[in-house]
Every structure is written in C-alpha cells, then in structure tokens.
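What follows is a single structure, written as structure tokens, with notes after it.
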Amino acid sequence: MKIAIGSDHGGLDLKESIIEFLKDFGNEVKDFGTYTKDSCDYTDFGYKVAKSVADNSYDRGIVICTTGIGMSIIANKVRGVRCALVCDTTTAKLTREHNNSNVLALGQNLVSVELAKQITKIWLETEFSNNERHTRRVEKISLYEGEENGKR
C-alpha cells in the first residue's frame, strides 16, 4: 500500500516510529515532513498529506501532531478526505468499516508508540463494510462537500 505521512514538530517522534513500522510490513511510505523538532505549522504538512490522498497519489494518509486535533481539522478541509482522529483500536476499526476513512490522525501525547502501531495496523487492515447504510452516509458526506464548495 502507498501511504503518505506527515507531522509537525509535536508529532515527529511518533511519525518516525510509524514510518519504520509501515515499512516493516512492505508499505511504500512518503514522508511529507517535518523533519526536525523546530517549531512549525501543522497545517502545512497535514494539507500536503491530505491532498496526496485526495488526488489518488497515495492510498491512505497518516497525520500526527501533539493531539491530532489540528491535523484532523486541516486534513478534513480537503475535498475527498475523511480523516478520523483515533485514540483506540475500536475506533480505528469502526472508522474504516463505517466511514471509509482514508486519513488517520494520531496525537503523539495521547497514544503510546505501541498503541499507535496497533491502531495503524487495524486501520490499514480493515476494509470498508460497503453495506447500504454506510455507503449511503459516505456518499452524503461527498454530496455535502460539494454543496459547501459550490459544486453541487
């Protein structure tokens, strides 16, 4: 799987651990930055990851900051992205099954490295349920995106 990943300075350590974890499972990983602990704006990196998923350059994306909140907000501004901030394995599974999320947000200060790896593994391995109810709801998300962007 081709995975885009990015963090700000507050998520750098977790991002580096997750990159190695992803590569160990044979995934192709593109790191969109940041690459240092110098203070930076999460928006720049979260946007790049989200755009790369929305334009189908990458299958999925992972964004990481201190809490994951800012990254999830910026990622969800990109049309076609369904980013979920996840802090446990149950929601990692459900956001894929029910929401067909394509970007995962993690908070370095909210989850341990081991939990983040478990979340990531479950999130990557879980398929969208494709049942009528969940498909209808995901389609409505796309429809509402179009309304907000004047494209409907």
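The basis for the numbers below is simple: all heavy atoms, side chains too, and nothing from hydrogens, waters or symmetry mates. Since the structure is predicted, the reported quantities are computational estimates derived from the model, not experimental observations.
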Residue pair [X] / [Y], side-chain heavy-atom distance below 4.5 Å:
X	Y	value
I3	L124	yes
T135	N131	no
L104	L85	no
I5	I64	yes
L143	E139	no
F25	M1	no
D13	Q108	yes

- Item | From CA spacing to verdict: side-chain contact (heavy atoms from CB on, under 4.5 Å), T34, S7 | CA-CA 6 Å; T34 194; S7 74; 4.2 Å; yes
- Item | Sidechain-backbone polar pair: S129 side chain, E97 backbone, donor-acceptor under 3.5 Å |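 Checking the backbone N and O of E97 against the side chain of S129, a donor-acceptor pair under 3.5 Å is found.
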- Can any side-chain N or O of D8 pair as donor or acceptor with the backbone N or O of G10 at less than 3.5 Å?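 Answer holds: yes.
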- Query: Under the salt bridge (charged side-chain N to carboxylate O under 4.0 Å, His left out) criterion, do E114 and K117 qualify, and how do the steps go?
  - Reply: CA-CA 5 Å; E114 278 312 306; K117 288 177 181 179; 3.7 Å; yes
- Does a donor on one side chain and an acceptor on the other come within less than 3.5 Å for W123 and T89?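 Side-chain D/A pair, W123 to T89: absent.
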Reported [atom1]-to-[atom2] distance for the pair [X] and [Y], which is rounded to 0.5 angstrom:
X	Y	atom1	atom2	result
L106	T66	CG	OG1	12.5 Å
N100	E127	CG	CD	9.0 Å
K51	K77	NZ	NZ	14.5 Å
N99	C83	CG	SG	11.5 Å
T120	I122	OG1	CD1	9.5 Å
I62	N102	CD1	CG	12.0 Å

- Message: If hydrophobic residues (ILVMFWY) are linked whenever their side-chain heavy atoms come closer than 4.5 Å, directly or via other members, who joins F128 in its cluster?
- Response: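 Hydrophobic cluster check, F128: joined to V138.
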- Under 4.5 Å side-chain linkage, directly or through intermediates, the cluster mates of V53: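 Besides V53, the cluster holds F32, Y42, F45, Y47, V49, Y58, V63, M71, I74, V78, V81, V103.
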- Query: Under a single-linkage definition using a 4.5 Å side-chain heavy-atom cutoff for Ile, Leu, Val, Met, Phe, Trp and Tyr, are V86 and F21 assigned to the same hydrophobic cluster?
  - Reply: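 Hydrophobic grouping puts V86 apart from F21.
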- Do you reckon V111 sits in the same ILVMFWY cluster as I19, going by side-chain contacts under 4.5 Å, direct or chained?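 Yes; tracing contacts between hydrophobic side chains, which count when under 4.5 Å, links both residues.
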- Which residues satisfy the side-chain contact (heavy atoms from CB on, under 4.5 Å) test with S17, sequence neighbours excluded?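 Residues passing side-chain contact (heavy atoms from CB on, under 4.5 Å) with S17: V113.
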- Query: Does atom NZ of K2 have more than 12 heavy-atom neighbours from other groups under 6.0 Å away?
  - Reply: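 Check passes, neighbour count above 12.
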- Task: Taking all non-hydrogen atoms of both residues into account, name the closest pair between R96 and R60 and its distance.
- Result: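 Nearest pair, atom of R96 first, then R60: NH2-NH2, 2.8 Å.
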- Task: Go through the steps to decide whether D55 and S57 satisfy the test side-chain hydrogen bond (donor to acceptor under 3.5 Å, both in side chains), and finish with yes or no.
- Result: CA-CA 6 Å; D55 71 14; S57 297; 2.6 Å; yes
- Item | side chain to side chain contact (heavy atoms under 4.5 Å, CB included), paired with H134, selected from E132, R136, R137 |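 The option that passes is R137.
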